[in-house]
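Every chain is numbered from 1, with letters handed out A, B, ... down the list of sequences. Predicted, not measured: the structure shown is a model, and the values here were computed from it.
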Amino acid sequence: MNKVYLTTAIPYVNGMPHIGHAMDYCLADVCARYHKLLGDEVRLQAGTDEHGGKIAQKAEEQNLAVEEYVDKNSGVFRDFIAKLNVDYTDFVRTTDEWHEKRCQEIWRRLKNHIYKAEYEGWYCVGCERYITEKECEENHGICPDHQKPYEKLKEENYYLRIADFRERIFEAIDSGKMKILPEFRKKEVLRLLEESPDVSISRPISQLKWGVRVPDDDSQVMYVWMDALANYITVLGYPEKDITEWWPATAQFMGKDVLRFHAIIWPAMLLGLGLELPRAIVSHGMILADGQKMSKSIGNVVNPVEVIDKHGIEAFRYYFLRHVDTFNDSDFTWEKFENAYSNELANDLGNLVQRLATLAHKNKIKEIKQAPSKLPKEYTDLMDNYEYSKAFDYAWESVQMLNRKIDEEKPWSLAKNGESLKLEECMNGLILGLLDVSKMLVPFLPITAERIQDIFSGEIMPPEVPLFPKG
RNA sequence: CGUGGGGUAGAGCAGCCUGGUAGCUCGUUUGGCUCAUAACCAAAAGGUCGUUGGUUCAAAUCCAACCCCCACAACCA
């Protein structure tokens with residue numbers, strides 16, 4: 001039995017869960033359930049990223065203590081994950097005391113690769129942030145939001161020396177020891193790696209208060225990278241515990257927007273700690289609303305909870321795991337979602353279950369004793385390569401094939417002609433086919449797969465409520 | 001000259017690596033069936049494969065140039 005450790009990116013809790021977060025969770029959950037189906041032991045991490053100036057600011061806006069604010073929002077995300085029916089085993093909050101302590105220990109252990117340097121740049125007092133040379137030029141040195149000139153400011157930061165690890169990371173990615181998925185991102189990451197500068201990993205406490213203190217330096221607070229990325233191992237108990245049972249992770253899931261941090265900074269940290277690199281880094285695309293990026297200013301943001309409430313979590317998972325390409329950007333529209341529900345879930349699968357169950361019931365066909373066949377190689381190959389939307393397509397072909405087969409074999413006319421032997425043989429074949437499909441559906445639609453297996457065990461009865469009711 | 005992806009039937013995509021009658025799903029039209037959630041099955045219509053040039057007996061597929069979309073990034077966690 002293999003031990004499989006999977007991770008999801010931890011969302012920054014200054015906003016509500018959106019559809020992008022759901023992708024992380026759903027993909028990781030499919031992977032987890034697939035491995036369980038294969039008989040592996042699985043640990044699936046999730047969590048929330050809760051430090052930083054923005055959080056503090058938001059809390060203040062809402063007149064809440066920071067702790068109160070993050071408690072509330074972390075809870076919102078936890079509820080959301082539960083709603084997605086994601087079977088996680090570990091949950092980490094970056095404000096957990098144990099996480100902070102472990103982070104500081106990790107920092108200490110990385111000391112050989114950390115140095116302090118001065119950073120100088122244009123700063124807007126109003127925005128409380130540095131801006132790039134280019135942005136400064138474009139705005140003619142005056143902040144458009146605050147109508148104040150930018151100031152040249154200097155501050156001290158700690159930096160992580162990426163150069164110490166560059167060659168080893170390059171080798172790991174290039175050789176495939178640490179897979180970057182999709183494959184077409186690999187080139188991109190390798191190029192980025194070549195020119196990746198050392199990364200700033202702290203801020204002066206004057207600028208950032210809400211965060212983990214840098215050990216042995218009261219003037220500095222850890223910047224996001226150290227704090228957030230470390231969660232993947234602090235949650236396993238590192239450094240007190242030996243984590244080799246679970247580490248290296250089998251796969252780490254995230255959006256393409258944060259791929260670079262996971263493919264460069266994170267491996268650098270791991271190598272600095274003497275830990276192995278994850279086997280795979282899987283980055284998914286973005287969800288577009290009718291071809292456009294979702295954004296608050298356009299007002300086209302689709303609330304995932306609303307989508308779930310429409311037809312239930314199984315329909316949600318169906319759409320986002322099959323019709324959203326695992327690796328490329330994909331589109332969501334309500335019309336497509338409704339079509340998929342009605343044409344595919346209800347008409348293809350729901351109706352297939354209904355007609356087979358009715359046929360079996362009317363002709364007194366009992367539970368089939370034979371166990372379902374092994375998962376087909378085409379399917380496992382796709383699953384092993386994280387090609388989930390394609391694997392789902394493959395499973396669906398079998399659904400459609402079964403509908404065709406019923407029409408070809410016409411069990412109802414066999415019944416009419418009293419050919420009971422032939423009828424039983426035909427029905428057994430069809431039901432076994434459906435059970436095979438339901439097995440392939442387990443990672444994607446766990447509830448539906450279980451319902452199908454229930455319906456076709458013991459006395460076969462069509463369900464009182466169809467699997468996917470319409471109208 | 002930032003980096004990456006893409007432009008193929010009304011829509012969404014596959015095919016391109018390994019050149020040789022252009023394929024899938026949805027939608028549309030017609031027919032069939034009756035076990036089923038007016039569900040299912042079959043057939044048909046529908047494309048100068050972004051543009052231009054090149055290589056070749058032959059290019060959606062290889063090469064070159066150009067046009068157009070999109071995402072990510074540029075120390076905002």
- Task: Would you sort out whether A/R404 and A/E408 count as a salt bridge (Lys or Arg N to Asp or Glu O under 4.0 Å), showing the intermediate values?
- Result: CA-CA 6 Å; A/R404 233 171 288 142; A/E408 276 163 25; over 6 Å; no

- Counting only heavy atoms not in A/E61, do more than 12 sit closer than 6.0 Å to its CD atom? yes

- Query: Which residues pass the salt bridge (charged side-chain N to carboxylate O under 4.0 Å, His left out) test with A/K58, sequence neighbours left out?
  - Reply: none

- Under 4.0 Å between a side-chain N/O of A/K390 and OP1 or OP2 of B/A14, yes or no? no

Extract from the structure each pairing of a protein N or O with an N or O of nucleotides 25-27 of chain B at less than 3.5 Å, listing the distance.
{"residue": "B/C26", "atom": "O3'", "partner": "A/N343", "partner atom": "ND2", "Å": "3.1"}
{"residue": "B/G27", "atom": "OP1", "partner": "A/N343", "partner atom": "ND2", "Å": "3.4"}

- Note on the structure: Per-nucleotide protein contact along nucleotides 28-36 of chain B, 5' to 3', at a 4.0 Å heavy-atom cut-off (B base, S sugar-phosphate only, - neither), is ----BSSBB

- Position toward the 5' end of RNA chain B (nearest nucleotide), A/Y159 or A/E188: A/E188

- Item | Nearest-Å distance for atom pair CG/P, residues A/L259 and B/G4 | 14 Å

- Item | B/A73 phosphate, OP1 or OP2, under 4.0 Å from A/R260 side-chain N/O | no

- Task: Go through the structure and list residues passing side-chain contact (heavy atoms from CB on, under 4.5 Å) with A/I447, not counting sequence neighbours.
- Result: A/N85, A/I313, A/E314

- Chi angles and distances behind the salt bridge (Lys or Arg N to Asp or Glu O under 4.0 Å) call for A/R185, A/E188: CA-CA 5 Å; A/R185 295 256 174 248; A/E188 189 182 351; 2.8 Å; yes

- Query: In what stems does RNA chain B take part, counting only runs of at least 3 consecutive Watson-Crick or G-U pairs whose two distances fall under 3.5 Å?
  - Reply: B:2-7 with B:67-72, B:10-13 with B:23-26, B:28-32 with B:40-44, B:50-54 with B:62-66

- Item | Minimum-distance nucleotide to A/K470 side chain [options: B/A39, B/G5, B/A73] | B/A39

- Item | Test: A/R78 cationic atom under 6.0 Å from A/F91 six-membered ring centre, within 45° of axis | yes

- Item | Any A/Y319 side-chain nitrogen or oxygen under 4.0 Å from OP1 or OP2 of B/G12 | no

- Note on the structure: So the ring-ring contact (aromatic ring centres under 6.0 Å, His included) pairs with at least one residue in residues 184-210 of chain A (sequence neighbours excluded) are A/H51-A/W210

- Send over the distance from A/L192 CG to B/C75 C1', rounded to a whole Å. 14 Å

- Ionic contact status for A/D164 with A/R161, cut-off 4.0 Å: yes

- Query: Take atom NZ in A/K111; do more than 12 heavy atoms of anything else shown fall under 6.0 Å from it?
  - Reply: yes

